[in-house]
*Asks:* 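Could you have a look at this structure, given as structure tokens, before my questions?
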Amino acid sequence: SIDQLKQTILQLAVMGKLTFPCSDDTSVLNLIEKIYEERILYKNNSKEKEILEREFERASASIIKNRAEVKARFFCNFITKGTTPAKNELLEEEEIPFLKVYNIVNQKLDFNYKPTFISPDTHNKKLARSKAFPGDVIMNIVGPPLGKVAIITSQFPEWNMNQALAVYRPVGGVLSKYLYYTLSARVTLESVLKEVKGTAGQDNLSLEQCRELIITLPSIEEQNRIVAKLEELMAICDTLKKHISETEATQLHLADAMAE
């Protein structure tokens, strides 16, 4: 199974088995400090500042071989879910694009499939909290299956989404592609999957679980190496999958010809 092979590769990447820190990499502590300084500027609430300080201390203490174990809530400035507007607020004409889970196809954004829009007024007022922008990472929180992930593209300058999607906005220079691949790895969700509560055959991740996800954070240089290696290996996997499909189609044609 090529899909299973992809998951194995993603797991190895998350575990730090595909790349290794280099002696001239910047310290991941510098990255953690940069994230903290950037985020503390927007914290006016003393309780929020206390949580951020606690997460900063936790992340700093976790560093081993220039990698830190951090919660998503620490390095993401924005983790929330969308809202579903009233039916009469969903439009077919081109206004603000409104995303649903089915717009994530093969871990990529596909807004050409059943595109839905909302008005700028709905976007800026009723659904202002769930705005998304190019570079944000979205993930479905209602399944099965869970683990559908995509990066918001620049097809539109602003987007919005329904309640089955959560959005992550990394700060401090953390690569969106690195977060995208990490969230795509099944192993990342395993820590919370056992706590997932489903109703009527659905699996649901809460926002708190999304914020509590543990992410391995290496230096920016290693993030770039991991992304480059994964891009290379995923392209090979896609080529293999294509060849397998072509071979299976040829075998079916041969079997039909022999039967005739």
Side-chain angles (χ1 to χ4, degrees), residues 3 6 39 42 72-73 75-171 173-185 188-189 192 196-211 213 227 231 234 238:
D3 290 336
K6 283 184 173 183
R39 295 209 57 221
Y42 301 97
R73 72 188 319 144
F75 69 92
C76 288
N77 203 29
F78 192 70
I79 301 176
T80 191
K81 65 178 180 178
T83 306
T84 296
K87 283 188 177 181
N88 64 337
E89 293 175 314
L90 294 172
L91 313 172
E92 293 183 3
E93 62 266 22
E94 191 166 315
E95 292 279 358
I96 303 296
F98 186 74
L99 294 169
K100 300 180 181 180
V101 174
Y102 61 62
N103 291 124
I104 301 178
V105 180
N106 296 324
Q107 301 301 74
K108 293 181 181 178
L109 203 63
D110 182 5
F111 195 64
N112 294 322
Y113 179 70
K114 295 183 180 179
T116 306
F117 300 86
I118 56 175
S119 70
D121 188 64
T122 303
H123 176 67
N124 292 314
K125 293 179 181 178
K126 186 176 180 179
L127 272 65
R129 189 170 177 271
S130 52
K131 288 182 179 180
F133 302 91
D136 288 350
V137 182
I138 58 172
M139 179 179 74
N140 74 313
I141 57 175
V142 177
L146 294 172
K148 291 185 176 182
V149 187
I151 297 178
I152 298 289
T153 67
S154 56
Q155 184 179 355
F156 294 89
E158 293 187 18
W159 302 70
N160 218 301
M161 58 191 173
N162 75 358
Q163 79 282 0
L165 293 168
V167 59
Y168 292 81
R169 189 170 300 151
V171 301
V174 175
L175 302 183
S176 291
K177 272 240 168 156
Y178 175 76
L179 177 59
Y180 159 77
Y181 279 124
T182 303
L183 291 175
S184 297
T188 302
L189 294 180
V192 297
V196 168
K197 295 179 180 178
T199 57
Q202 288 187 329
D203 293 329
N204 301 299
L205 279 176
S206 69
L207 270 181
E208 189 63 19
Q209 288 171 317
C210 291
R211 293 164 179 159
L213 284 176
V227 167
E231 300 274 88
M234 292 300 161
D238 289 338

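These numbers come from a predicted model, not from an experiment.
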*Asks:* I need the F156 CZ to L99 CG distance, nearest 0.5 Å.
*Replies:*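 One gets 9.5 Å once the value is rounded to the nearest 0.5 Å.
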*Asks:* Enter the distance from I151:CD1 to L109:CG here, rounded to the nearest 0.5 Å.
*Replies:*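 Output value for this atom pair is 10.0 Å.
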*Asks:* Hey, are the side chains of P170 and Y178 touching, using non-hydrogen atoms and a 4.5 Å cut-off?
*Replies:*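 Of all side-chain heavy-atom pairs linking Y178 with P170, none is under 4.5 Å.
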*Asks:* How about R211 and L207: do any of their side-chain heavy atoms sit closer than 4.5 Å?
*Replies:*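 R211 reaches L207 side chain to side chain.
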*Asks:* Are the side chains of V101 and V142 in touch, meaning some heavy atoms are under 4.5 Å apart?
*Replies:*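 Contact flag for V101/V142 side chains = no.
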*Asks:* So do the side chains of P85 and I118 get within less than 4.5 Å of each other, counting heavy atoms only?
*Replies:*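 Yes, side chains in contact.
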*Asks:* One pair to check against side chain to side chain contact (heavy atoms under 4.5 Å, CB included): K100 and K114. What are the steps and the verdict?
*Replies:* CA-CA 9 Å; K100 300 180 181 180; K114 295 183 180 179; over 6 Å; no
*Asks:* How far apart are the closest heavy atoms of D136 and A132, and which atoms are they?
*Replies:*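 Closest approach of D136 to A132: OD2-CA, 3.5 Å.
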*Asks:* Would you say E89 and K126 make side-chain contact, with heavy atoms under 4.5 Å?
*Replies:*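 In short, these two side chains touch, coming nearer than 4.5 Å.
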*Asks:* Could you walk me through whether T116 and L91 pass side chain to side chain contact (heavy atoms under 4.5 Å, CB included), step by step?
*Replies:* CA-CA 6 Å; T116 306; L91 313 172; over 6 Å; no
*Asks:* Has S184 got a side-chain atom pairing as donor or acceptor with Y180's backbone, closer than 3.5 angstrom?
*Replies:*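 Side chain of S184 to backbone of Y180, a donor-acceptor pair under 3.5 Å: yes, one is there.
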*Asks:* Is there a donor-acceptor pair closer than 3.5 Å between any side-chain N or O of R169 and the backbone N or O of I79?
*Replies:*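 Flag not set: sc R169 to bb I79 has no pair under 3.5 Å.
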*Asks:* Could you walk me through whether T122 and I96 pass the side chain to side chain contact (heavy atoms under 4.5 Å, CB included) check?
*Replies:* CA-CA 9 Å; T122 303; I96 303 296; over 6 Å; no
*Asks:* Between C76 and L179, what is the shortest heavy-atom contact and its length?
*Replies:*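 Heavy-atom minimum between the residues: SG-CD2, 4.0 Å.
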*Asks:* About how many Å separate CG of L90 and CD of E95, when rounded to the nearest 0.5 Å?
*Replies:*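 One finds 12.5 Å between CD of E95 and CG of L90.
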*Asks:* List the steps and the verdict of side chain to side chain contact (heavy atoms under 4.5 Å, CB included) for V167 and V137.
*Replies:* CA-CA 6 Å; V167 59; V137 182; over 6 Å; no
*Asks:* Using a 6.0 Å cut-off, check whether atom CD of E208 has over 12 heavy atoms from anything other than its own residue.
*Replies:*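 Yes.
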*Asks:* Does I138 reach the side chain of V149, with side-chain heavy atoms less than 4.5 Å apart?
*Replies:*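 No. Closest side-chain heavy atoms not under 4.5 Å.
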*Asks:* I'd like to know if the side chain of N103 reaches the main chain of Y113, judged simply by a donor and an acceptor atom lying under 3.5 Å from each other, with no hydrogens or angles considered.
*Replies:*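 Flag set: sc N103 to bb Y113 pair under 3.5 Å.
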*Asks:* Kindly indicate whether the side chain of H123, heavy atoms from C-beta on, has any atom under 4.5 Å from the side chain of W159.
*Replies:*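 Side-chain contact under 4.5 Å: no.
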*Asks:* For N124 and K131: C-alpha separation, side-chain torsions, deciding distance, then whether side-chain hydrogen bond (donor to acceptor under 3.5 Å, both in side chains) applies.
*Replies:* CA-CA 8 Å; N124 292 314; K131 288 182 179 180; 2.8 Å; yes
*Asks:* Taking the six-membered ring for Trp, are F117 and F111 ring centroids under 6.0 Å apart?
*Replies:*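 Yes; F111 has its ring centre under 6.0 Å from that of F117.
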*Asks:* To the nearest 0.5 Å, tell me how far I141 CD1 sits from C210 SG.
*Replies:*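 That separation rounds to 5.0 Å.
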*Asks:* Can a side-chain donor-acceptor contact be found between R129 and T80 if the only test is distance below 3.5 angstrom?
*Replies:*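 Yes, R129 and T80 have a side-chain donor paired with an acceptor closer than 3.5 Å.
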*Asks:* Side chains of S130 and N160: any donor to acceptor distance under 3.5 Å?
*Replies:*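 Note: N160 and S130 side chains meet the donor-acceptor criterion.
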*Asks:* Looking only at non-hydrogen atoms, find the nearest pair between N204 and Q209 and report the distance.
*Replies:*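 Answer, listing the atom of N204 first, then Q209: O-OE1, 4.0 Å.
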*Asks:* Any sub-3.5 Å donor-acceptor pair from D110's side-chain atoms to N112's backbone N or O?
*Replies:*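 Yes.
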*Asks:* How far apart are the closest heavy atoms of P157 and P134, and which atoms are they?
*Replies:*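 For P157 and P134, the tightest heavy-atom pair comes out as O-CD, 3.3 Å.
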*Asks:* CE of M139 to CG of L205: how many Å apart, nearest 0.5 Å?
*Replies:*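 CG of L205 is found 5.5 Å from CE of M139.
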*Asks:* Quick check: does any side chain N or O of N77 sit under 3.5 Å from a backbone N or O of R39, one acting as donor and the other as acceptor?
*Replies:*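 Side chain of N77 to backbone of R39: no pair is present.
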*Asks:* For the side chain of T188 and the backbone of L183, is there at least one donor-acceptor N/O pair under 3.5 Å apart?
*Replies:*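 The answer is no, because no donor-acceptor pair under 3.5 Å joins these two groups.
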*Asks:* Calculate, to the nearest 0.5 Å, the distance between atoms OH and CG belonging to Y168 and L213 respectively.
*Replies:*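 Here the rounded value is 4.5 Å.
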*Asks:* State, without any angle test, whether K81 and N162 hold a side-chain donor-acceptor pair at a distance under 3.5 Å.
*Replies:*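 Result is no, nothing qualifies.
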